[in-house]
Each structure stands twice: as structure tokens, then as C-alpha cells.
Amino acid sequence: MKTLILSDIHLGCRHTNVALLMDVLDRQSFDRLILNGDTIHNLNFRKMSPRHWALLDRLRQIGKSRELILVRGNHDHDADYLPGQPLTGLSSANILPALLGVPMVEDYQFQVNGHEYLVMHGDRFDPTMAYPAVTEVAYLCYQFTSQINKKLAKWIKKKSKKWGGLLEVIRQNSIAHAQRVNTPGIITGHTHFAEDLHQSEIHYVNSGSWTENTCAYLLADPHSITLHQLSD
């Protein structure tokens with residue numbers, strides 16, 4: 001079985017590269033699609049263009065003919081949600097499963113080359129998620145800068161994560177979790193920073209996002225996982 005893994009599509013965000021993602025769905029052969037969190041940016045559907053709705057419908061059609069796995073992301077619940085709690089209230093955690101026709105799960109496991117890999121969005125490994133006001137202010141600043149200079153905003157966003165050490169913290173927390181649950185591989189999204197590395201006998205892979213200058217996806221077959229990065 002061949003598996004395509006996508007994360008952080010953020011439908012409804014004007015930076016989402018719909019055309020590039022549609023091209024991947026057209027030319028890649030796969031039997032299972034894993035949407036690893038933040039498929040929809042928020043419930044303000046007025047911001048979704050016809051191309052965004054077309055992509056959402058494409059995902060729904062894939063779910064009718066192939067296996068579709070929908071994993072929860074941090075944009076799929078209220079700020080005070082804790083992993084393991086029931087998903088309540090109006091959020092994309094309620095709406096998106098109805099639109100795609102599949103349930104939303106906290107994580108998912110599958111085998112590659114005889115080894116278990118754990119797929120989860122990765123927001124639980126991000127310490128800033130405990131301070132929603134801070135993350136909201138940071139997002140508003142990013143949006144404001146994007147209106148002035150899109151390239152500058154994305155550069156600042158990427159560099160701030162590196163300089164602040166956040167990428168390293170999330171990476172190490174992800175690897176530590178894989179060690180705790182005795183899983184040799186872990187696949188996350190959330191950071192929008194694609195990575196593929198081995199550390200402490202754990203294979204850590206991050207599938208990036210579809211809102212940055214370089215988009216990314218993962219392909220897994222029975223023998224290996226490969227990270228693919230592409231730009232317009």
C-alpha cells in the first residue's frame with residue numbers, strides 16, 4: 001500500500017498553494033491519504049475561494065474510493081482543548097468530518113518496513129500552545145506583515161522559530177514521545193518546517209505545509225518514507 005501524507009493545508013488561508021497541491025493529487029499514485037491536521041484554517045468559510053472548495057471536494061471524493069485518515073490539528077478545536085478530551089462545541093473538528101465523510105482521530109499508526117510509525121499533528125509538543133493569547137498576537141503580526149511584504153513575513157516567521165529554539169523543542173519533544181510509547185518512527189506537521197532525520201534511534205519526519213514558499217509532502221510505501229519538497 002502506498003500512503004500520501006499531507007499536513008497544514010489551511011484551506012481558507014490566502015497563502016495556501018491550491019494549484020500545487022492539486023497537481024500532486026493528480027500525478028501521485030496512492031492508496032491511502034493521511035491529512036495530518038490543520039486541513040482547514042478556521043470556520044470562516046467566506047475566506048474559502050472556489051479553488052479551496054474544489055480542493056475540499058477533491059479530498060471528499062478521494063475518501064469515497066481510497067482510505068482517508070483525518071488527524072486532528074490545533075486549528076481543529078478550541079484553545080482550551082486537551083488531548084484525550086471529547087471534542088465539543090462548534091469547530092472544524094465537528095464540521096470537517098461531516099464534509100469529508102470520515103471521523104477525526106487524535107493519531108494514527110501504520111507500518112513501514114516492518115516498523116510502526118506514529119502519525120500525529122505535533123501541536124501537543126509545542127509549549128506555546130499553552131499561551132493562546134501569545135500565539136494569536138504572533139499570528140496577527142504575521143498577517144499584518146504579509147499585507148506589506150509576503151516574502152518578508154514568511155522569512156520572519158521561519159527565522160523566529162529557529163532563533164527562538166521552538167523547532168528544536170518541538171522536535172525533541174516529538175522524539176521523546178516516540179521513545180515513551182516505544183515507536184521507532186514519528187511523523188508530525190504543525191511547525192510548517194519539513195524535516196527527515198534519525199536521532200536517538202527514532203526516525204523523525206515532518207511533512208511541512210502548503211502555505212510556505214516551499215511546500216512538502218510525504219510518500220510511504222511498504223519499504224520506506226520519502227520527503228518531497230517543491231515550489232512554484
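Scope of the values below: all heavy atoms of this structure, side chains included, with no hydrogens, waters or symmetry mates.
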Intermediate values then yes/no, side chain to side chain contact (heavy atoms under 4.5 Å, CB included), I170 and F193: CA-CA 11 Å; I170 295 173; F193 188 78; over 6 Å; no
Test side chain to side chain contact (heavy atoms under 4.5 Å, CB included) applied to L100 and L56, step by step: CA-CA 8 Å; L100 295 182; L56 189 64; 3.9 Å; yes
Residue pair Y204, Q172: steps toward the side chain to side chain contact (heavy atoms under 4.5 Å, CB included) verdict: CA-CA 9 Å; Y204 170 76; Q172 294 305 321; over 6 Å; no
Side chain to side chain contact (heavy atoms under 4.5 Å, CB included) assessment of V105 paired with L70: CA-CA 6 Å; V105 298; L70 181 62; over 6 Å; no
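Under the 4.5 Å side-chain heavy-atom criterion for ILVMFWY residues, a single connected hydrophobic cluster contains both M104 and L33. With hydrophobic clusters built from ILVMFWY side chains whose heavy atoms lie under 4.5 angstrom apart, I40 shares a cluster with M22. A single hydrophobic cluster is not seen to contain both I175 and L227; linkage of ILVMFWY side chains at heavy-atom distances under 4.5 Å, directly or through other members, places them apart. Both L166 and L197 are members of a single hydrophobic cluster when ILVMFWY side chains are connected at heavy-atom separations under 4.5 Å. Taking hydrophobic clusters as Ile, Leu, Val, Met, Phe, Trp and Tyr residues chained together by side-chain heavy-atom distances below 4.5 Å, L118 does not share a cluster with M1.
Residue I187 holds its CD1 atom at 8.0 Å from NE2 of H203, rounded to the nearest 0.5 Å. For the atom pair S174 OG and Q199 CD, the distance stands at 10.5 Å (nearest 0.5 Å). Here H198 contributes atom NE2 and S200 contributes atom OG; the two are 12.0 Å apart, rounded to the nearest 0.5 Å. Taken to the nearest 0.5 Å, the CG atom of L99 stands 10.5 Å off from the CG atom of L59. Taken from CG in N74 to CG in D123, the straight-line distance is 4.5 Å, to the nearest 0.5 Å.
When side chains are defined from C-beta on, H41 does not count as touching M48, because their heavy atoms never get closer than 4.5 Å. You'll find the side chain of D31 stays beyond 4.5 Å of the side chain of T3, heavy atoms only. Residues T214 and L230 are not in side-chain contact: their nearest non-hydrogen atoms beyond the backbone lie 4.5 Å or more apart. Side chains of I9 and L21 form a contact here, defined as non-hydrogen atoms less than 4.5 Å apart. The side-chain heavy atoms of L55 and L11, taken from C-beta on, include a pair separated by under 4.5 Å. Annotation: side chain of L6 is not in contact with side chain of L218 (no heavy-atom distance under 4.5 Å). When side chains are defined from C-beta on, T226 counts as touching H228, because their heavy atoms get closer than 4.5 Å. The side-chain heavy atoms of T16 and H52, taken from C-beta on, include a pair separated by under 4.5 Å.
Judged by distance alone, with hydrogens and angles left aside, the side-chain atoms of T183 form no donor-acceptor pair with the main-chain N or O of E116 at under 3.5 Å.
Around CG of D26, the count of heavy atoms belonging to other residues, nucleotides or ligands within 6.0 Å exceeds 12.
A pairwise comparison of heavy atoms in S7 and W210 identifies O-CD1, 3.5 Å as the closest pair. For the residue pair I202 and A178, the shortest heavy atom distance occurs at CG2-CB, 3.8 Å. Summarising the geometry of A216 relative to A194, their closest heavy-atom pair is CB-CB, 3.8 Å, with the distance given to 0.1 Å. Shown here for N206 and G189, the closest heavy-atom pair between the two residues is ND2-O, 2.8 Å. Taking all atoms of both residues into account, the shortest heavy-atom contact from I186 to M120 is CD1-SD, 4.1 Å.
Residues Y217 and Q28 bring a donor and an acceptor atom of their side chains to less than 3.5 Å of each other. Checking N17 against T211 by side-chain atom types alone, no donor-acceptor pair falls below 3.5 Å. Residues D8 and H190 bring no donor and acceptor atom of their side chains to less than 3.5 Å of each other.
Applying the side-chain contact (heavy atoms from CB on, under 4.5 Å) criterion to V112, with sequence neighbours excluded, gives F110, Y117, A220, I225.
Remark: of the listed residues N36, D38, D126, D38 is the sole one forming a side-chain hydrogen bond (donor to acceptor under 3.5 Å, both in side chains) with H121. Among K64, R60, R66, the single residue meeting the side-chain contact (heavy atoms from CB on, under 4.5 Å) criterion with I62 is R66.
Taking the charged nitrogens against the carboxylate oxygens, R72 and D107 have no contact shorter than 4.0 Å, which rules out a salt bridge.
The stretch residues 178-205 participates, sequence neighbours left out, in these salt bridge (charged side-chain N to carboxylate O under 4.0 Å, His left out) pairs: R171-E195.
Note: H10 and H75 have perpendicular aromatic rings, judged against thresholds of 30 and 60 degrees for the angle between ring planes.
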